[in-house]
Amino acid sequence: MGLRLYNTLTRKTEEFKPRGDTVGIYTCGLTVQGPPHVGHIRSAITRDILIRWLEYSGYTVKSIENFTDIDDKIIEKQRKNKEDWRIIAHRHIEKYLRACDILNIKRATFYPWASQHMEEIIVLVKKLIDKSFAYEKKGDVYFRVRKFPNYGRLSKKSIDELISGARIAPAESKEDPLDFALWKAAKPDEPSWLSPWGKGRPGWHIECSAMSMHYLGESFDIHTGGEDLIFPHHENEIAQSVAATGKEYVRYWMHNGWVTLGGEKMAKSTGHYFLIEDVLKNYSPNVIRLYLLKTQYRNQIEFSKDRLDEAKAAYSRIKIYVEEFKELPEKIEPLMLGEFTEAMNDDLNTPKALGKIYDLVKKGHEKKSVEIAASIKHYLAVLGFREEVESSGELSYQLIDIILHIRNKLRNEKKYDLADEIRTDLENLGIKLADTKGVSLHRLEDK
RNA sequence: GGCGGUAUAGCCAAGUAGCUAAGGCGGCGGUCUGCAAAAUCGCUAUUCGCCGGUGCAAAUCCGGCUGCCGCCUCCA
């Protein structure tokens, strides 16, 4: 049997059948008003494992992960910090991508930003108005939830429940309290874009429909994200998209569980979280990966030092065994392939797959075998573990930080000769820089 | 209140009807070692939140109860 995935839409594990030759995957990435925490990384690792497994299984994948760089929260932050929203967004995107690189999380095919897709967003809103799924009031545009027949299908909510549960005072200009904003008129001093409804900016949700359809087409295969996005974000995304196109939007919806702290969900809105950059100071990328993969992606994971330490001990047992072998053949027929594959095909059951690796470690101790060691190494690579440079993750993170900091000072002082020299030197090491005002994005190239 | 998820050893975590309930961490004992550490070998759940039911057979299905978590508001 091939890959089976749990689909939130049907609440069942279903056989995966792609629409075409290329599997299209869209991941709801960050709203970048804050730095990435461990919960964000869990989502990223889930996406990473999905893509790695699809590619290992022979599929071609096109993956999109968005950044929502304009929303209420980031505007609030701009006001509070007196810092341009673009700089805030840039900084957090850079931190996120840097952490992903260090953690060996595969890059998506594209990382679109909401602010750079205003045209697509406006066209989509216009289309919804034309089809009378949306209406304009005083520069705001709202989606008519009641007009969309299957509203609530993903989150298993009925419209009546939503009304009784509604806790916020509805905006006065809405026809119905359930309607949600597609476009918001700009208040004074807010970032805004010109639209047929005056100056304004997109509401949350619409950017994902616009960008996913722009890059992947009106219908695509898999949409991933954290469980907390099921409602309202993904519910609204479906409503907008299907209303606009009349077609099926996404076939498989995958949602990962929380990372918890003291049993409660880690979330940036409550200040209840650990930043990934801080975790990387104490634990290597491989240990963090093992910690996350020890639990199946749909279950919640408690974040604690004990759990990380446990993962560290568990990881070193595998590592120590494989390191006994100096030279291992790259091309092999891995042992226990059937069992490993079956575990992964079962909705990416990484805990079970890891169990198979430990079975191999044990067998390897009974009988020293190049085949066994090479098989273990093979599976580690499939699961995205970095080929050592172990424990240097934290150090290189900090070193790059220092180098970029100094280099940006040089750039500010217009000492471009030296800054360029550093850029060339870093590039030779496989670290590519992309300079923008105030910050430098960088990425690690595979060596 | 409505909806959804979850409950397996000291801790973490697979297993959704049928061989002895994976695997990891920890603990205990042995091997190795000048000692220690590391490594390694062995042991570590007659039992799967509670109560009842259906099966020849249930952790796995059905009904009820309880605990925990989440969503219904921004959230990965």
Side-chain angles (χ1 to χ4, degrees), chain A residues 6 8 11 13 27-34 36-47 65-66 68 71-74 76 96 152 154-170 178 180 204-205 224-235 254-260 262-273 276 290-302 304 306-321 323-324 339 343 346-347 349-362 364-366:
Chain A
Y6 182 86
T8 308
R11 312 274 160 156
T13 303
T27 299
C28 273
L30 279 59
T31 50
V32 285
Q33 84 270 18
H37 60 64
V38 181
H40 298 122
I41 293 304
R42 185 178 193 195
S43 278
I45 294 263
T46 302
R47 192 204 94 220
E65 179 172 357
N66 75 288
T68 297
D71 75 332
D72 293 357
K73 288 285 174 69
I74 205 164
E76 193 184 311
Y96 175 72
L154 180 74
S155 55
K156 296 267 184 289
K157 290 181 191 304
S158 76
I159 285 190
D160 297 336
E161 286 162 20
L162 286 169
I163 292 170
S164 63
R167 284 193 232 157
I168 46 162
L178 291 178
F180 59 89
W204 189 41
H205 317 308
T224 76
E227 236 180 331
D228 47 356
L229 296 178
I230 294 172
F231 190 89
H233 188 57
H234 290 161
E235 194 69 62
M254 292 175 68
H255 293 98
N256 61 272
W258 322 118
V259 177
T260 59
E264 283 173 18
K265 183 185 161 201
M266 191 179 280
K268 74 186 155 205
S269 55
T270 53
H272 185 63
Y273 57 76
I276 188 62
L290 184 68
Y291 155 72
L292 291 170
L293 296 186
K294 269 166 61 64
T295 301
Q296 207 263 355
Y297 75 88
R298 287 195 283 127
N299 294 124
Q300 56 180 55
I301 299 183
E302 172 71 5
S304 72
D306 285 355
R307 312 308 323 283
L308 261 331
D309 287 343
E310 183 190 316
K312 192 174 178 176
Y315 181 68
S316 83
R317 256 193 74 211
I318 305 177
K319 189 178 84 168
I320 284 164
Y321 178 71
E323 281 179 350
E324 283 178 38
E339 288 174 63
D346 182 13
D347 197 27
N349 194 334
T350 51
K352 204 197 249 180
L354 287 167
K356 301 304 169 195
I357 292 179
Y358 281 98
D359 288 344
L360 282 170
V361 172
K362 196 173 167 72
H365 284 304
E366 286 163 14

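Lettering of chains follows the sequences in order, A, B, ..., and the numbering in each one begins at 1.
Base pairing annotation: B/A21 forms no Watson-Crick or G-U wobble pair, as no partner gives both donor-acceptor distances under 3.5 Å. Here B/A14 sits opposite no nucleotide as a Watson-Crick or G-U wobble pair (both hydrogen-bonding atom distances under 3.5 Å). Across all strands shown, B/G4 forms a Watson-Crick or G-U wobble pair, both distances under 3.5 Å, with B/C69. Using Watson-Crick or G-U wobble geometry with both donor-acceptor distances under 3.5 Å, B/U40 finds its partner in B/G30.
With hydrogens and angles ignored, the 3.5 Å screen pairs a side-chain donor or acceptor of A/Glu302 with a backbone N or O of A/Gly262.
Using a 4.0 Å heavy-atom cutoff across all strands shown, A/Ile230 reaches no nucleic acid atom at all. Looking at heavy-atom distances under 4.0 Å, A/Gly39 makes contact with a base. At a threshold of 4.0 angstrom between heavy atoms, the contacts of A/Lys356 with the nucleic acid are absent. Note on A/Asp71: nothing from the nucleic acid sits closer than 4.0 angstrom, heavy atoms only. Looking at heavy-atom distances under 4.0 Å, A/Gln33 makes no contact with the nucleic acid at all. Looking at heavy-atom distances under 4.0 Å, A/Arg298 makes no contact with the nucleic acid at all. As judged by a 4.0 angstrom heavy-atom cut-off over every strand, A/Glu227 is placed among residues making no nucleic acid contact. In this structure, A/His255 reaches neither bases nor backbone, as no heavy-atom distance under 4.0 Å exists between it and the strands shown. Contacts of A/Val259 with the nucleic acid, taken as non-hydrogen atoms under 4.0 Å apart, include base atoms. Within the nucleic acid shown, A/Gly29 comes within 4.0 Å of sugar-phosphate atoms alone, with no base atom in reach, counting heavy atoms only. A/Asn299 comes within contact range of the sugar-phosphate backbone alone, with a heavy-atom separation under 4.0 Å but no base atom that close. At a threshold of 4.0 angstrom between heavy atoms, the contacts of A/Asn349 are confined to the sugar-phosphate backbone, with no base atom among them.
Taking atom P in both B/C35 and B/C25, the straight-line distance is 26 Å, to the nearest Å.
Distances shown here put every side-chain N or O of A/Arg11 at or beyond 4.0 Å from the OP1 or OP2 atom of B/G4. At the phosphate of B/G2, neither OP1 nor OP2 sits under 4.0 Å from any side-chain N or O atom of A/Lys156. Contact check, A/Arg47 against B/A76: no side-chain N or O comes under 4.0 Å of OP1 or OP2. In this structure, A/Thr31 reaches the B/A76 phosphate: one of its side-chain N or O atoms is under 4.0 Å from OP1 or OP2. Between B/C74 and A/Lys265, no contact under 4.0 Å exists linking OP1 or OP2 to a side-chain N or O.
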